[in-house]
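Since the structure comes first, as structure tokens, the remarks are kept for the end.
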Amino acid sequence: MVNIATLVKQSPDVEAVRIDPKSGAPDLSGVGMKVSDYDKNAVEAAVQLKEKNAGSKVFAISLGGAKLEESIKEVLAMGCDEAHLLRDAAFNGADTAEKARLLALAVKKMGNVDLVIAAEESLDSHSAQTGPRVAAELGWPLVSYVSDNLRLEGNVLKAEREVDEGIEEIEVQLPAVITVTEALNTPRLPALMQILQAKNKPQKVLSAADLGAGDVKPVLQRPSSVAPKSERKGIMLPSENPDAAAEELAKVLAKEGVI
Amino acid sequence: MTNVLIWSPEPRGAFELIAKAKELSLTPVVLHIGAGDANAYIQHGASSVLVVDDAKAKDLLAGPVSDALAAAVKETGAKLVFLSGGKRGKEVAPMLGAKLHAGVVTLANKVTNAGGKWTFERMFLGGKTVATEIPTSEVVVATFPGRLFEPLPADAGAKGEVKKFAPALNESRVKVVAKKPRKESGVNLEAATVVVGAGRGFKNKDDLKMAFDLASTMGGQVGCSRPLATDLGWLTDEYWIGLSGKEVKPKVYIAAGISGQIQHTTGIRNSKLIVAINSNKDAPIFKMADYGIVGDLYKVLPALNKAIEKQKGK
């Protein structure tokens, strides 16, 4: 039996973000919010461990703003038992470092968590910092990039992970923090019944005071985010006739000096 | 001069960061863990090397490595820490950041000192934008992608101090039970100058021959998107391009039957030229392509193979 907390981020649907042609700035108006895709690999991993270890529970912890209750239903439908939502005006200035500190405070406050599972990185910011920072804040061991054979034997977590030199088989006694890669699993698509049941699962909101968070003191500024200047050419070749299109492309590639 | 502390799990990564540090008029101090020739860092431009020879750090786990780096920051008074942005560097950097209360920039593609502030640029929003990031902490930590900077040539006469460094490290509870190499397929996508990427537009495993034929004609390699390597299992992980797979930087990337999900495109965005062939004219891949053909890859790829053979004959 094990209590697992998965860290879930609400992210804009990056595929739908348009770039303002004049300013190069991303236009987020009208872009829907959703659970960061990679977090679903973390949730899937947690739910599979729950299914194989009777009596286990999976919590989803998320820090965010409005409509978080709506996004989080996606992972409740996948099999998380409860959502813990961190929300306070005081969190607005939080950067990656402070968000990780707040998430770690939530794990501590819950008191019964044995294992934290996070994705390697998020869909929108790609910082890849949350899992390792939460581990450091909790003082728990970190196993990043779990890619295969994740399992529990009693209080010991075993898995394979990908590192620069190859594959490592690791073991770690809980509590621990792990991050998972897309290679580990294919996140399930919840059935209609599970989607309906998700509405009745508990969602708790935690404030700065609940967490004993103190002041939020960011250590990183992000003054701008604009489209890179070196745009792709975006030339569509006449495509009615495949042979002619291929001939044209071969000529273009020769002109570009790549063949 | 300001000290910058440098760590990489393999020497080449450190050599690259030393070269960049010197270009920025910083004093490069390398932390070296384990055996190996610490003098090589001096020959490539490091001012000094701290050698940690401690069994607790030998597996390069993030806990002990970040402990050693945090101690080395105190020892040297370094205001910056540059780490190579492989998998190890990317897990060590945030742990170190948490231990030092420092801002961390992940996979910076650019670093400058603007009015006394270390200012970085990095990929954001799935590659749609470039974010500027400025850490405000006393110590600044950043990881950089491999092969972004060119090492300095080795100078056998270079002088510098190599000394032992023995900080108190905590033993990690993580045990490395076994290490094994990735499945070897002889594919080296990272080094390929031409990559033909195959996606869900292929209907059968056997049809991949069209991609292999084209790659062979062009002197390149075949890669693939996630489903072909995982769900379908037509190719091994070695061929997988994308966030959890390889990042390729060829002179030309030809996306055949690949729709262009962000998970895939993060792995190809540094290609010099991107060509997309897809039967769906609305496929997102066309938005990041230099040249696009809307068409059936089953017709276009063999025709392209023929046309390139003809072109090369000229």
Side-chain angles (χ1 to χ4, degrees), chain A residues 14-15 17 19 26 97 100 123-129 132-133 135-137 141-145 162-164 166-173 181-183 186 219-228 232-237 239 242-243 245-247 249-254 256 258-259, chain B residues 9 62-63 86-88 90-91 94-95 97-99 101-104 106 123-126 128-137 172-182 218 230-231 243-244 251-252 262 273-274 284 288-295 299-300 303-304 307-308 311-312:
Chain A
V14 173
E15 308 270 3
V17 172
I19 298 297
L123 187 62
D124 56 346
S125 67
H126 317 283
S127 296
Q129 294 191 32
R133 278 189 181 269
E137 295 283 351
L142 169 74
V143 178
S144 308
Y145 321 117
E162 266 208 60
V163 289
D164 298 321
I167 309 288
E168 280 182 357
E169 282 177 33
I170 61 87
E171 292 182 6
V172 63
Q173 198 171 339
T181 73
E182 283 182 283
T186 302
V219 286
L220 187 85
Q221 297 172 341
R222 189 176 294 135
S224 75
S225 159
V226 290
R232 295 281 169 187
K233 296 188 181 86
I235 299 169
M236 297 302 287
L237 301 174
S239 308
D243 292 323
E247 293 259 353
L249 180 55
K251 270 184 215 156
V252 166
L253 292 178
E256 293 274 2
V258 295
I259 54 170
Chain B
K87 288 192 181 281
R88 295 207 184 271
K90 275 174 75 185
E91 64 173 348
M95 274 205 133
K99 286 172 183 175
H101 303 287
V104 175
T106 304
M123 191 267 289
F124 207 67
L125 284 177
K128 288 198 171 174
T129 66
V130 172
T132 300
E133 292 189 341
I134 305 173
T136 53
S137 44
S172 177
R173 292 217 310 272
V174 181
K175 303 284 170 244
V176 180
V177 182
K179 298 183 189 206
K180 52 186 183 185
R182 287 189 183 81
M218 297 181 74
T230 57
D231 307 349
L243 178 78
S244 298
K251 283 201 269 185
V252 58
I262 263 171
L273 207 65
I274 294 177
M288 69 176 301
D290 294 286
Y291 298 100
I293 293 177
V294 179
K299 292 190 178 123
V300 178
L304 184 59
I308 287 174
Q311 192 73 39
K312 281 171 79 176

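Residue numbers begin at 1 in each chain, while the letters A, B, ... track the order of the sequences. Just so it is clear, the model here is predicted, and its values are computed rather than measured.
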Practice problem: List the steps and the verdict of side chain to side chain contact (heavy atoms under 4.5 Å, CB included) for B:Val174 and A:Leu142. | Solution: CA-CA 8 Å; B:Val174 181; A:Leu142 169 74; over 6 Å; no
Self-check item: Contact winner vs chain B - A:Ser225, A:Ala183, A:Ala97, A:Ala227, heavy-atom pairs under 4.5 Å
Solution: A:Ser225
Quiz prompt | Among B:Thr136, B:Asp290, B:Val130, residue most engaged with chain A (heavy-atom pairs, under 4.5 Å) | solution = B:Asp290
Quiz prompt | Between B:Lys128, B:Lys251, B:Lys299, B:Lys312, the one whose heavy-atom pairs under 4.5 Å with chain A are most numerous | solution = B:Lys128
Practice problem: Against chain A, label B:Met218 side chain, backbone, both or neither, depending on which of its atoms sit under 4.5 Å from a heavy atom there. | Solution: side chain
Exercise. For chain A, find which of B:Ala62, B:Gly97, B:Gly63, B:Ser172 contributes the most heavy-atom pairs closer than 4.5 angstrom.
Key: B:Gly97
Quiz item: Is there a side-chain contact between B:Leu273 and B:Tyr291, using heavy atoms and a 4.5 Å cut-off?
Solution: yes
Quiz item: Looking at A:Leu253, A:Val163, A:Thr181, which has the largest count of heavy-atom pairs under 4.5 Å with chain B?
Solution: A:Val163
Self-check item: Per-residue contact mode, B:Pro135 against chain A (heavy atom under 4.5 angstrom)
Solution: both
Practice problem: Return the option, out of A:Leu123, A:Val172, A:Asp124, with the maximum number of heavy-atom pairs under 4.5 Å with chain B. | Solution: A:Asp124
Practice problem: Would you check if A:Tyr145 and B:Glu91 make a side-chain contact, meaning some heavy-atom pair closer than 4.5 Å? | Solution: yes
Quiz item: Out of B:Gly295, B:Ala178, B:Ala102, which one racks up the most heavy-atom pairs below 4.5 Å with chain A?
Solution: B:Ala178
Quiz item: Do B:Thr132 and A:Arg222 touch side chain to side chain, with heavy atoms closer than 4.5 Å?
Solution: no
Self-check item: Top contributor to chain B interface from A:Glu256, A:Gln173, A:Glu247, A:Glu137 [non-hydrogen pairs under 4.5 Å]
Solution: A:Glu256
Quiz prompt | NZ (B:Lys99) with more than 12 external heavy atoms under 6.0 Å | solution = yes
Exercise. Sort out for me which of B:Val300, B:Ile308, B:Ile293 touches chain A most, counting heavy-atom pairs under 4.5 Å.
Key: B:Ile293
Self-check item: salt_bridge(A:Glu162, B:Arg88) N-O dist < 4.0 Å
Solution: no
Exercise. Side chain from CB out, backbone as N, CA, C, O: work out which of these in B:Gln311 comes under 4.5 Å of a heavy atom of chain A, or both, or neither.
Key: side chain
Quiz item: Does atom NZ of A:Lys251 have more than 12 heavy-atom neighbours from other groups under 6.0 Å away?
Solution: no
Quiz item: Backbone N or O of B:Ile262 within a donor-acceptor pair of the A:Glu15 side chain at under 3.5 Å?
Solution: yes
Exercise. Specify which of A:Val258, A:Thr186, A:Asp164, A:Val14 makes the most heavy-atom pairs with chain B at under 4.5 Å.
Key: A:Asp164
Practice problem: Give a yes or no on whether the backbone of B:Gly126 and the side-chain of A:His126 come within a donor-acceptor separation of less than 3.5 Å. | Solution: yes
Quiz item: Is a salt bridge present between B:Lys175 and A:Glu171, judged by a nitrogen-to-oxygen distance below 4.0 Å?
Solution: no
Quiz item: Can you tell which of B:Ala289, B:Ser137, B:Pro284 has the highest number of heavy-atom pairs within less than 4.5 Å of chain A?
Solution: B:Ala289
Practice problem: Considering only heavy atoms and a distance below 4.5 Å, find which of A:Ser144, A:Pro242, A:Ser224, A:Ala245 pairs most often with chain B. | Solution: A:Ser224
